[in-house]
Amino acid sequence: MEPISRRNFTAAAVGALTGALGGGPAAARERLPEQFRGMWAATVANLDWPSAPGLGVPEQRAELLALLDSAVDRRLNAVLLQVRPAADAFWPSRYEPWSRYLTGTQGRDPGWDPLGHAVREAHRRGLELHAWCNPYRVSVRPDPGMLAPGHPARRHPDWVVEYGGQLYYNPGLPAVRGFVREAMLDAVRRYPVDGLHFDDYFYPYPVAGEEFDDADAYQAYGSGFPDRAAWRRHNVDLLVRETAARIKRLRPGARFGISPFGVWRNDSADPRGSRTAAGIQSYDDLYADSRGWVRRGWLDYVCPQLYWNIGLAAADYAKLVPWWSDAVNGTGVHLYIGEALYRQEAPGQPAAWQNPGELSLHLAFDRSWPQVLGNVYFSARDVIADPSGAMARVVADHYPTRARPPR
């Protein structure tokens, strides 16, 4: 398949905009502001799409098109579609089985190509489509016997670590790193996606009383590092750096982005850290040196998940946006802010989130920081249903026209 997109809009997108605005492509470029406006569409546990496993092909397609149409209606311009939620695939992968979230049975052919269809239909609507992958999660269930026959994790049980009731590939094994990298890049190689996107899961979030059992891998490959934590960060760094380099060779127009946990380190742990007191720090707990990736220029964009309200003592949105703005400053890496639309007026959320204007206040705050080039909303079902009206308010307050993603 030949790419039909480059670092901003697709050719199909420009055509769609021409019809909407009048004039040719030059007029569309002149009239539209540059701003990244995205939403995450999660497939794990059928969170956003498909609504249930085992739907017929017409129902799955109809739901996908409705999702894309809703993005257009909200004046968004990008969908980050989860196509590899758990060592599986939403396309006919050469490496991994079909996802069970399509048919209910991992490895069963759904009878169509969801990723290929999503890319085509997104581009027809003037939307970017970023292929969202989770690098190391194998299964949300602990039993390897529930994986499809022939699954790589069953062929290589030594690659797998059980932790917290789930299965993960061991990032400390070079064979694992090479495999998961190529499994994810298969989507970039075969489809004109506008980007490859990783979420915040690298080493798993800590589970009290449990240790991620990578002692044998550390014994084999950890010499020369001061401690296991430094070795683990090095393992993740290698995946990020190697993936970035491979994308540029495979599809130069595609961008590479990561949405890390929103706190790199608290300033109590590192003077370069943010003025926060978060219980989790990506550098220390997930072994994800998100600031380092930005400063080294390995990413095209970073989208930290700043899922906290303005004024929260432990992790204040109004302190984290300036910190991330400083982190990207001078690097050429774009900064998009991940927004917790799902928290708006949700039961049990802090008082700030009971104000349907909280999210709109976030975007108003972001205007003071020119490094912030856009926002991404979690997740698609909240963008579509918008039970609190918060998304409609964001659109009314901040999205008076459509926009094109920044170059």
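Values below: all heavy atoms of this structure, side chains included; hydrogens, waters and symmetry mates excluded.
Using modelled atom types, one side-chain atom of R84 and one backbone atom of P135 make a donor-acceptor pair closer than 3.5 Å. The closest donor-acceptor contact from the side chain of R251 to the backbone of V188 lies under 3.5 Å. For D143 (side chain) and G145 (main-chain N/O), a donor-acceptor pair under 3.5 Å exists by modelled atom type. Proximity of a side-chain donor or acceptor of H334 to a complementary backbone N or O of L299 within less than 3.5 Å is not detected. The backbone N or O of L102 lies less than 3.5 Å from a partner atom in the side chain of Q60, making a donor-acceptor pair. A distance-only check finds no donor-acceptor pair linking the side chain of W159 to the backbone of L173 [under 3.5 Å]. No side-chain donor-acceptor contact under 3.5 Å links R181 to the backbone of L239. In this structure, the side chain of Q281 does not engage the main chain of V263 through any donor-acceptor pair within 3.5 Å. In this structure, E121 contributes its side chain and L65 its backbone to no donor-acceptor pair below 3.5 Å. When atom types are taken as modelled, the side chain of N355 and the backbone of A351 share no donor-acceptor pair closer than 3.5 angstrom.
When every heavy atom of N46 is checked against every heavy atom of Y101, the shortest pair comes out as ND2-O, 2.9 Å. Residues F212 and R232 come closest through the heavy atom pair O-NH2, 3.3 Å. The two residues I247 and A254 have their closest heavy-atom pair at CG2-O, 3.8 Å. Across all their heavy atoms, V57 and P110 have their closest contact at CG2-O, 3.2 Å. Nearest heavy atoms, V161 versus D213: CG2-O, 3.6 Å. Heavy-atom minimum distance, P97 versus G107: CB-CA, 3.8 Å.
For the pair D366/E339, a side-chain contact is recorded, criterion being any heavy-atom separation below 4.5 Å from C-beta on. For the pair F261/D285, no side-chain contact is recorded, criterion being any heavy-atom separation below 4.5 Å from C-beta on. Looking at L359 and R393, their side chains never come closer than 4.5 Å, going by heavy atoms from C-beta outward. Between P114 and L64 there is no side-chain heavy-atom pair separated by less than 4.5 Å. With a 4.5 Å cut-off on side-chain heavy atoms, F179 and E96 count as touching. Looking at D237 and R296, their side chains come closer than 4.5 Å, going by heavy atoms from C-beta outward. Looking only at side-chain heavy atoms (C-beta outward), L341 and V394 stay at 4.5 Å or farther from each other. Between L335 and V302, the closest side-chain pair of non-hydrogen atoms falls below 4.5 Å.
The line from OG of S388 to CD of Q349 is 11.5 Å long, rounded to the nearest 0.5 Å. For the atom pair Q82 CD and H197 NE2, the distance stands at 9.5 Å (nearest 0.5 Å). Atoms CD and CG, on Q35 and N77 in that order, are 8.0 Å from each other to the nearest 0.5 Å. Atoms SG and CG, from C133 and D199 in turn, are 9.0 Å apart once rounded to the nearest 0.5 Å. Here I384 contributes atom CD1 and L67 contributes atom CG; the two are 4.5 Å apart, rounded to the nearest 0.5 Å. A distance of 4.5 Å separates OG of S379 from CG of D382, quoted to the nearest 0.5 Å.
Residue pairs meeting the salt bridge (Lys or Arg N to Asp or Glu O under 4.0 Å) criterion with at least one partner in residues 156-177, sequence neighbours excluded, are R177-E242.
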(request) Kindly indicate, with the supporting measurements, whether the criterion side-chain contact (heavy atoms from CB on, under 4.5 Å) is fulfilled by M391 and V395. (result) CA-CA 6 Å; M391 192 68 212; V395 174; 4.3 Å; yes

(message) Please determine whether side-chain contact (heavy atoms from CB on, under 4.5 Å) holds for the pair L286 and Y201, giving the CA-CA distance in whole Å, both sets of side-chain angles, and the decisive distance to 0.1 Å.
(response) CA-CA 7 Å; L286 308 177; Y201 292 93; over 6 Å; no

(message) Show, in sequence, the C-alpha distance, side-chain angles and deciding distance for T331 and R295, and conclude whether the side-chain contact (heavy atoms from CB on, under 4.5 Å) test is met.
(response) CA-CA 6 Å; T331 65; R295 300 307 297 177; 3.5 Å; yes

(message) Using the rule given for ring pair (Phe, Tyr, Trp, His ring centres under 6.0 Å), can you reason through W293 versus F202, listing the C-alpha separation, both sets of side-chain angles and the distance that settles it, and then say yes or no?
(response) CA-CA 14 Å; W293 307 332; F202 292 94; 5.3 Å; yes

(message) Go through it in stages, so that I can follow the logic: the residues are W98 and T105, the test is side-chain contact (heavy atoms from CB on, under 4.5 Å), and I'd like the CA-CA distance, side-chain angles, deciding distance and then a yes or no.
(response) CA-CA 8 Å; W98 284 105; T105 302; over 6 Å; no

Going by atom type alone, with no hydrogens or angles, which donor-acceptor pairs under 3.5 Å involve a side-chain atom of residues 305-315 and a protein atom two or more places apart or on another chain?
{"unit_1": "Q305", "atom_1": "NE2", "unit_2": "D200", "atom_2": "OD1", "d": "3.2"}
{"unit_1": "Q305", "atom_1": "NE2", "unit_2": "S259", "atom_2": "O", "d": "2.9"}

What donor-acceptor contacts under 3.5 angstrom involve side-chain atoms of residues 163-172, with partners at least two apart or in another chain?
{"unit_1": "Y163", "atom_1": "OH", "unit_2": "V207", "atom_2": "N", "d": "2.7"}
{"unit_1": "N170", "atom_1": "OD1", "unit_2": "G172", "atom_2": "N", "d": "2.9"}

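Taking the six-membered ring where the residue is Trp, Y136 and Y203 present tilted rings, their angle falling between 30° and 60°. Ring orientation note: the planes of F378 and W132 are nearly perpendicular, at an angle over 60° on the 30°/60° scale. Relative orientation of the W369 and F365 rings is tilted, given thresholds of 30° and 60° on the angle between their planes.
Using a cut-off of 4.0 Å between Lys/Arg side-chain N and Asp/Glu carboxylate O, D186 and R94 are scored as salt-bridged. A salt bridge links R246 with E182: the closest approach of a Lys/Arg side-chain nitrogen to an acidic carboxylate oxygen falls below 4.0 angstrom. Classification of D214 and R228 as a salt-bridged pair holds, one side-chain N sitting under 4.0 Å from a carboxylate O. Look at R272 and D270 and you find a salt bridge, because one of the NZ, NE, NH1 or NH2 atoms lies within 4.0 Å of a carboxylate O, short of that distance.
In this structure, Y317 has its ring center under 6.0 Å from that of H362.
Of the candidates Y336, F198, F256, Y336 is the only one forming a ring-ring contact (aromatic ring centres under 6.0 Å, His included) with Y301.
By the 6.0 Å contact criterion, CG on D216 is open, its count of non-hydrogen atoms from other residues, nucleotides or ligands being 12 or less.
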